[in-house]
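Working notes for the structure below.
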2 protein chains.
Amino acid sequence: MDISEVVKRSGVSASALRYYERRGLIRSLTDTGTRRRFAPTVLDHLALIALGQAAGFSLDEIRLMFTPDGSVALDRNMIAAKADELERLVKRLESMIEGLRHAAVCPAPRHSECPSFQKLLRAATSGALERRERSGKDEAQVSRPSGVATIGRRKAR
Amino acid sequence: MDISEVVKRSGVSASALRYYERRGLIRSLTDTGTRRRFAPTVLDHLALIALGQAAGFSLDEIRLMFTPDGSVALDRNMIAAKADELERLVKRLESMIEGLRHAAVCPAPRHSECPSFQKLLRAATSGALERRERSGKDEAQVSRPSGVATIGRRKAR
DNA sequence: ATAAAAGTTGAAGTCAACTTCAAGTCAAGC
DNA sequence: GCTTGACTTGAAGTTGACTTCAACTTTTAT
């Protein structure tokens, strides 16, 4: 398959494919300068990459999921750790959702006077809640996507 | 309070405080060149900023939560929309966790032969799962934090 | 045969939220 | 009065995952 075929079938952009190749996540059968040709298995690889990203793995971590010959070899401890991590994240998000929903209907004239809101604030500042990141521009949908909190404190220094 | 006092009490770094001030999220009583003095209410502001960040709002969005005079004025529709968004995210994360847990114990010699894993892959590639971001270095904990998927497709353009 | 479309490369740009740096200012203790 | 140490500023650097650009080369269609 040529690159445009892979783009069509995978939904991954050509520049991302080239980037993945440079980073060692996928391979193509190519002499430099000529056009890339991909084996059909690249689609499976891209699927695993997408899965890994959705689960919160970095590209470096995802690369470890492939053996040098290109087959899949998941580190089960790594996977389980990520699942645990996601679970903790979900718990925090759930209390966050509850708090936000309350804030949206709270009858108190000022949120600073509402006990539930105070509790939310304390949960956000003390304890485990931390930085988050967010993506760039999105398209013409009404509701905008966003990123989500990470766990764990950053070092001051 | 001077800046070091705010750093101590809030846990927010001095450079972040200056950054927030430049971005218009907090205010200080200062003639340029001299040292910043913060009113005690800055701590409440910082708490709200931390909450907003944990919920996935950008700094620009968080700025909208403050009126020009510095009091809090939450847009309830915005809050409710964010709660909905987090809820969708949680649902996706939950199926992701389930899939990961399965992958970690799956008896199939190759994941590509496991039907549950196939299903996970399909869920990750087709449909709503998208890019994610992740934070920088973290401290000496065993398990590493990470970011999480966002919703919504980016334009090919 | 040739023009346009599609592909190639390395380098630089993007985004958000900060951090780090360099160079200078100010304040407090001895 | 002078050395620290805390603070100030604007500018530039960081991170991850890409995208965009400029300048070419290669196919494909006419």
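Throughout, a chain's letter reflects where its sequence line sits, starting with A, and its residues are numbered from 1.
- Contacts of R9(A) classified as side-chain hydrogen bond (donor to acceptor under 3.5 Å, both in side chains), with partners at least two apart in sequence or in another chain: E5(A).
- Applying the ring pair (Phe, Tyr, Trp, His ring centres under 6.0 Å) definition to pairs two or more places apart or across chains, those involving residues 14-50 of chain A are H45(A)-F66(A).
- Within the 4.0 Å cut-off from OP1 or OP2 of dA17(C), not a single side-chain nitrogen or oxygen of Y20(B) is found.
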Inset, instruction - Scan nucleotides 5-12 of chain D nucleotide by nucleotide, 5' to 3', and note B when protein non-hydrogen atoms come under 4.0 Å of the base, S if they reach only the sugar-phosphate, - if neither. - result: BBSBB---
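- Note: CZ (R23(B)) to C1' (dT19(C)) measures 15 Å, nearest angstrom.
- A search for side-chain contact (heavy atoms from CB on, under 4.5 Å) contacts involving A14(B) returns I3(B), V7(B), R18(B), not counting sequence neighbours.
- Between Y19(A) atom OH and dT20(D) atom C1' there is a gap of 15 Å when expressed in whole angstrom units.
- Residues passing the side-chain contact (heavy atoms from CB on, under 4.5 Å) test with R101(B), sequence neighbours excluded: A83(A), D84(A), E87(A), I97(B).
- More than 12 heavy atoms of other shown residues, nucleotides or ligands fall within 6.0 angstrom of atom CD in E94(A).
- Under the side-chain hydrogen bond (donor to acceptor under 3.5 Å, both in side chains) criterion, R63(B) pairs with D60(B), not counting sequence neighbours.
- Atom CD of E21(B) is separated from atom P of dA17(C) by 18 Å (rounded to the nearest Å).
- Remark: P of dA17(C) and CG of L25(B) are 9 Å apart, rounded to the nearest angstrom.
- We find that CD1 of I49(A) is positioned 17 Å from P of dG16(D), with the value rounded to whole Å.
- Atom CG in D60(A) sits roughly 12 Å away from atom C1' in dT15(D) (whole-Å rounding).
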